[in-house]
Amino acid sequence: MTTTSTRSAPTTRTWIIAVFVAFTLSGLAIATWLGRIPSVRDSLGASTFEMGLLVLGMAVGSIGGLTFAGHIVAKVGARRGVQVASVCLAVGLVFAGFAVTYGWGFAAIWVGLIAFGFGNGLVDVSMNVSGAAAEKAGGRTIMPLFHAAFSVGTLAGAGLGALTEKLEVPVVLHFAVLGVVVCLVMLAAASRFGDEHRYEEHESTATSPTPVQLTRRQVWAQPSTLLIGVIVLGMALAEGSANDWLPLAMIDGHGLDNAAGSAVLTVFLAAMTAGRIAGSPLIDRFGRVPVLRVSAAVAVVGLGLLIFVDVIPIAIVGVVLWGLGASLGFPMGMSAAADDPRSAALKVSAVATIGYVAFLAGPPLIGFLGEHIGLLGALLVVFVFIIAAGLASGAARETGAAAETLRKRRAGRGDHGGRGDGGDHGVAGDQQPEARQHGGGESRLQTDRPHHGTDDTMADPAASGGTRTDR
């Protein structure tokens, strides 16, 4: 019986590792495209505005993927969602590579990027839904590390992009190899995902006080959804504008060559990765709101150095600060969206959709401005959105179980001078003691895991006071 259960349901440790792999490969795939943008521009002889329209194709596909992701994941599960997405990523990337190398034209590259973007949007929601359930099953906070794994993937992809630029590797060869590898490994990793719906079932029983799931319309009508969306929108633009325009801004604005421009993107992504790895304990200690406000300020300072200081070493310092400041905004927004277990999946999808508006509108807007005032000047528009994210940061304050966990951590340190985030008594927060009393929620999962062949070593004894749901 144990053998059958283990075969049908992967251990929690295996599930978590599989989600880490999916996040890493997603970042690798995106950075594979981003790292070769200079070669694509040279191949097309495109202007800055035309490159903005080209990048828009990926954004359009991503919006489509996000729009349908909720329905796809609800219908076939996160596992199948990631598997479908992996095929879209590979097909789109390889097709775009052929279109660039063999001169099929702007429209053909656009078609490939739409397919690639659709896969990106679908995998984004799917792996986050599965990651949130894996975190809950494991009994410890790991969602920020999933995002760090994504950054590691983008760092590896950008590094490979800089290397292939320097070696003048044909775009089609680069894209074909990476596309096939990403697809095959992601398919294998997704097959080891657990069933996220199994854990949702324990949160809504006849004896549990957990209310019924909210509808999509109800989630979108919540003010908190829109405010968290503003946070994610601003910080996504801070991150996405660097991904789309930093190499070209360094080339056109600071006089670097193609390889060096791609290498600076690698520096930015390394800073993003470091920020996400180091940021998790800071969030646990101080809470989301203070960390988010400091992050916004650091990102603004970094952008200022890049734009206004015409000294390459100082501009690169600005890139590092920009990356550190932008690193935690998106994960914190996703964590805030997942605080209420009734609406976690739908709210994550809604907030991600708002955030992807930055990827849809940002490229052509910055490209258009870049045509008239230069790319460095065009990046000033990012300031406005980062400031808006900082002003809306209060919406990310912990509620429910997350607030209770933060309060207990502060009480354990004797930190009684906090803002009282644990005092938020939202629905989710009122559920936690009752869920433990009736055997629901995370405590129910702890007792159920041996029957599903999961790995009890993943449980964090310190989490018995309430587990924060980061997504």
Side-chain angles (χ1 to χ4, degrees), residues 28-62 88-120 154 156-182 240-266 268-269 359 362-371 374-376 378:
L28 175 63
I30 292 172
T32 297
W33 156 252
L34 296 175
R36 298 308 301 268
I37 285 179
S39 285
V40 173
R41 183 177 71 165
D42 292 347
S43 176
L44 291 174
S47 68
T48 302
F49 179 65
E50 288 171 335
M51 288 302 297
L53 292 178
L54 186 64
V55 174
L56 179 62
M58 181 177 168
V60 169
S62 296
C88 293
L89 287 170
V91 170
L93 190 62
V94 173
F95 186 86
F98 273 95
V100 170
T101 301
Y102 294 105
W104 293 354
F106 189 97
I109 301 174
W110 224 73
V111 170
L113 289 180
I114 288 176
F116 181 72
F118 184 92
N120 178 56
T154 59
L160 286 173
L163 180 62
T164 53
E165 283 281 328
K166 186 175 183 62
L167 298 178
E168 298 182 351
V169 175
V171 172
V172 64
L173 177 61
H174 181 196
F175 284 8
V177 171
L178 265 295
V180 171
V181 169
V182 166
S241 59
N243 292 335
D244 291 333
W245 294 112
L246 182 56
L248 297 183
M250 294 303 297
I251 293 167
D252 296 346
H254 288 285
L256 301 185
D257 59 24
N258 284 1
S262 294
V264 172
L265 176 60
T266 304
F268 174 85
L269 296 174
F359 298 109
L365 174 61
I366 293 175
F368 175 78
L369 293 175
E371 282 285 303
L375 277 176
L376 291 179

Would you say the side chain of P247 lies within less than 4.5 Å of the side chain of V264, judging by non-hydrogen atoms? no
Partner residues of F175 under the side chain to side chain contact (heavy atoms under 4.5 Å, CB included) criterion, sequence neighbours left out: T32, W33, R36, L93, V171
Any side-chain heavy atom of N120 sitting closer than 4.5 Å to one from M58? yes
Answer whether the closest heavy-atom distance between the side chains of D252 and L376 falls below 4.5 Å. no
Can you confirm whether L44 sits close enough to V100 that some side-chain heavy atom of one is under 4.5 Å from a side-chain heavy atom of the other? no
Report the distance from atom CZ of F49 to atom CG of L54, rounding to the nearest 0.5 Å. 12.0 Å
Check this for me: F106, atom CZ, are more than 12 non-hydrogen atoms of other residues, nucleotides or ligands nearer than 6.0 Å? yes
Hey, are the side chains of L28 and L178 touching, using non-hydrogen atoms and a 4.5 Å cut-off? yes
I need the T266 OG1 to L163 CG distance, nearest 0.5 Å. 10.0 Å
Do the side chains of F116 and F95 get nearer than 4.5 Å, heavy atoms only? no
Looking only at heavy atoms, which two atoms of A176 and V94 are closest? And how far apart? CA-CG2, 3.8 Å
Is a side-chain donor or acceptor of E165 paired with a backbone partner of A162 at a separation under 3.5 angstrom? no
Residue pair G370 / A378: nearest heavy atoms and the distance that separates them: N-CB, 3.6 Å
What distance do L269 atom CG and I30 atom CD1 have between them, rounded to the nearest 0.5 Å? 10.5 Å
Below 4.5 Å, heavy atoms only, C-beta onward: do E50 and S47 meet side chain to side chain? yes
Compare every heavy atom of C88 with every heavy atom of G119, then report the nearest pair and how far apart it is. CA-CB, 3.7 Å
Looking only at heavy atoms, what is the nearest atom pair of A249 and L375, with distance? N-CD1, 3.8 Å
Which heavy atom of I251 sits nearest to which heavy atom of G261, and what is that distance? CG1-CA, 4.2 Å
d(S39 OG, N258 CG) to nearest 0.5 Å is 6.0 Å
V172 backbone acceptor or donor facing T101 side chain under 3.5 Å: yes
Which atom of I366 lies closest to which atom of S241, heavy atoms considered: CD1-CB, 3.8 Å
Heavy-atom donor-acceptor pair, S262 side chain to A259 backbone, under 3.5 Å: no
Between T164 and L160 (side chain of the first, backbone of the second, donor and acceptor by atom type, cut-off under 3.5 Å), is there such a pair? yes
L265 side, atom CG; W245 side, atom CH2 - distance, nearest 0.5 Å: 13.5 Å
